[in-house]
Amino acid sequence: MQLIRGTLDLIVLKVLSWGPLHGFDIADRITARFSDELSLEEGALYQSLRRMEERGWLQGEWGMSDNNRRARFYRLTPQGRQQLRSETVSWERYSTALTRLLRAT
Amino acid sequence: MALFKRLPRLLRGRRDIRSDVDDEITAHLEQTTRALIASGLDPDAARAEAHRRFGDVATTRHAMTTSAMRQYGRLRRRDRFDAFAFDLRYSLRQLRRSPGFAASVIVTLGLGIGANAAMFGLLDRLLLRPPAHVREPDQVRRVYLHIPQGTQQALVTEVSYHRLSELQHDASDVIDLAGMVQTPFVAGEAEEAREIRGALVSPNFFPMLGVRPHLGRFMNPGEEGAQEIVLGFEWWRSAHGSDSTVIGQTVRIGTGRFTVVGVVPEAFTGVEISGVDAWLPALAGRTIWTHLGPAWAHEHNFSWLSLVGRLRNGITESQAGDRLAAAYRQSLQTQGEEAAIGAERSGARLYPALLQRGPERNDDTRVALWLGAVAFVVLILACTNVANLLLARAVDRQGEVAVRLALGVSRGRLVRQLLQETAILAVAGAAAGLVLAQFTERALRASLLAGANVADRGVDWRTIAFATAMAALACLLSGLGPSWFATRTDVRAMLSAAGRSIRRSSGFRTALLVTQTALSTVLLIGAGLFVRSLVAAQSTRLGYDADRLVILTVRNRSAEPLSGGTSAVYRELAVRARAVPGVVAAATTMQVPFAISGNTHIAVPGIDSVERLGSFRLNGVGAGYFEATGTRILRGRSLANTDRLGTPLVMVVSDSMARTLWPGRDPIGQCVKVGGPTFPCSEVVGVAENVHQYEIRQESSLQYWFPESQEQGNNSGAFGVLVRVDGDPARLAPALRRALLPSLPGTVHLTVRPLGTSVQRAMRPWRLGATMFTAFGALGLLIAMVGLFSALAYAVSQRRREFGVRVALGARSGGIVRMVLGQGLRLAIMGLAIGLFIALVAGRQLAPLLLGVGPRDPLVTFGVVVALGVTALLAGLIPAWRASRVDPADALRSE
């Protein structure tokens, strides 16, 4: 199953709300959570990270990973947190409405 | 502080962003590969799988880089702004610490910028700003004709209605030509009547300019004699309360009634700068100039319309000029034999729509241009003064600057910050200057553009833009040098000298002082020349006693012509005026100095076409005219009461006229035929001194007088009464008016005006020039003196030790005084030399404005040299005295 367009940002924000992570870990978490349901193109993930950094939702900074390698860590900014909240609300509304429509006979 | 937290990231350039992105991608791919190997894949397969999962690297890299670049740009802009805000706060803090310094700079620049803004506002109106509401004003031209007169070409500024029609018709395919004249109207009935500013225009005037009515419509082309009126916006507002139902109502103008058809837009004044209350079709002039008779509009002998037109599409100025010249020649040929003389050498020329940019530019505008230059010089003077203050401050702040340099602040940033300080002051100065200009400009306009546009907005956005440019210029002129100087500090020397100032600024300061002295010299030379011109103007013998004369003029507001005509009213007025206490003499006149004059054809036996020698003004005068005006008879006799209708025709000619017509011969007894060769001879019985009719600066005065009662050449009718009074004319005028009013019909409006007011007005250019040059010259001298004083005082304080040594070695105090004074004088002489050179070059341009004095007047030059010498000595006096009083023991101990 392919990712629905525009939902990647929301997923990344959600994953980062648990704490700062670097790109590889984010990809790892997403794959772990959704196991094989979603096929994630990792390049798209990195584009999303930089895009959200430009918008001021994330802040990236080089640091050391667990196995002592240089890695770029991303953390949510207060703006990003706000964004996650509002996107979650609108996604829930959207999916509820869509589900209701699809179930209707 | 946010700035410092962001700094490390800012240090990276754009190239770093690329490698940053690459690093991130590489790190990810490596980690994935390692993880895959750990899960059992062989290295090659693991690498391939990692790439597969990642997708297209190039696309991702590009997208990531773009995002990062954008973010970087935004951060950098924000940082720049933060740095700017930081410097601004820093500058403001520095300025708050020395309010005296800030105030003096703001006041100095305010004066300089204010003077420029005020002059700009005026000159903009006179020479630059296109007339309001006119479509494509650069296609609109004023048209001037010229005819040969003697060896020169005489400018024809006005044409008759008949001539206008012929030119319009013959040149219609190159230019849309209109005629116009501004003239006072009497509006309203009987007691309500008052004088308004009127204009007569050919009906195509409005469509030609492309203006749209604010209300209603304009006059219909083709209905030149229609009884229709278009109201000026301001008059519509003040006299009709902006009432839109005014359309269709009738208004009384002169002896006619006119239907209001429209209102022009606000501030529309045609192509002139003076306001207009009401616009009438050209031929409606008959209701205003009732005394001219019915035929005036269709004959050539009454020229009253100025020409203005719009070039047709694609037609050049010279094409239109050629065609108009041909049309003018044709018109002269058909007019008659006499007019045809020299017709083939007549021509036409086109000028910009603004009057002052054409051949009719007046002395007021020329003086205004010079005052604009003066204002600019004053601004430069102000800048040198500010530069001096900034320099002193820079010397004081060397310690602070050295510390900042040592801390790693770049010189560029420091110069920027110091300039910014100046810029803040310049902006404040500009604001102060604009406030000043608001008042000055109104005063200037009142004196230079008397009666001009009512749309008085004072300082507008054009002036503000100009003031801003001037502020920027002032900031650079005064701030660049000192800022550069301030940052050229030797950090190590400075810090080790424990904050004492060690660098001298003498070279730069000398340059400033020499500039100030030079500019003051230029201004003072100008002042001297204008003052001498004014004195010459005031002592010019005008040919009549202007300070003893009062002029009476009347205007009839009734539809009925006055019984016996206006002349009878004037004759009656002259008789009655003589009976009023304080009146010495009174006589009717056809000419009013500085207001009304006329000429007619004359012929002189033995001379072919007299008109080619010049234009001879006639004046039919009442009995006792020469006694009243005080015009002296140089030879022969004056006109007498016995010269009247029926006795032999006689005339008195001016000295210039006698010399022009009969050089080297006796003018007495000569014959002049007034009206042309078919008229009888008038015998010249006397020669009078030359009189100034319109200008104080006048080369010749071709003028003749004859008894009004003899009606020579069918010329009769008076245009005023000249009354000679004993005492101050201004004081006697109201009493005279009160005494005369009862004898006049109720519909007649009487004006009583001392002639001196007209003469004073003619003196205005010189008075204004003299006042402004003197004021600014004195200001410049004062600035130079203060500058010189502080420079010398500083030099003396720096050389205390040296003076101490000299005194200890036996130098006399006189020698030391001479040394210090000599230093000041040397600077003054340098500035003086440069200033005199500039004045010499610029003076040539000033020459046409001067009266009775050349641009290189030795007396003026001498006076300025003395003034500067005295100033330099005065400035040096106290420092010299201080230097001579140095106590050697004290001075040697202190350092």
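These figures come from a predicted structure and were not determined experimentally.
B/R74 contributes a side-chain N or O that, together with a main-chain N or O of A/E54, makes up a donor-acceptor pair within less than 3.5 Å.
Atom CD of A/E61 has 12 or fewer heavy atoms from other residues, nucleotides or ligands within 6.0 Å. Counting heavy-atom neighbours within 6.0 Å of A/R75 CZ, excluding the residue itself, gives a total of 12 or less. Heavy-atom contacts from other residues, nucleotides or ligands closer than 6.0 Å to CZ of B/R393 number more than 12.
A donor atom on one side chain and an acceptor atom on the other are not found under 3.5 Å apart for A/W62 and B/D23.
Most heavy-atom pairs under 4.5 Å with chain A: of the set B/I25, B/D56, B/V21, B/T66, this distinction falls to B/V21. Ranked by heavy-atom pairs under 4.5 Å with chain A, the list B/M69, B/E30, B/R53, B/H62 is led by B/R53.
Here OG1 of B/T32 is found 9.0 Å from CG of A/D28. Values are rounded to the nearest 0.5 Å.
Counting all heavy atoms, side chain and backbone alike, A/E41 lies closest to B/F54 at CG-O, 3.5 Å. Looking at every heavy atom in both residues, B/A50 comes nearest to A/E42 through O-OE1, 4.3 Å.
Interface remark: B/V57 contributes no atoms to any contact with chain A (heavy atom separation under 4.5 Å).
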The test is side chain to side chain contact (heavy atoms under 4.5 Å, CB included); show your working for B/T65 and A/R50 and say whether it passes.
CA-CA 8 Å; B/T65 313; A/R50 288 286 183 159; over 6 Å; no

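Each of B/E24, B/H28, B/R61 was compared with A/Y46 under the side-chain hydrogen bond (donor to acceptor under 3.5 Å, both in side chains) criterion, and only B/H28 meets it.
When side chains are defined from C-beta on, A/R69 does not count as touching B/Q31, because their heavy atoms never get closer than 4.5 Å. Looking at B/D20 and A/R72, their side chains come closer than 4.5 Å, going by heavy atoms from C-beta outward.
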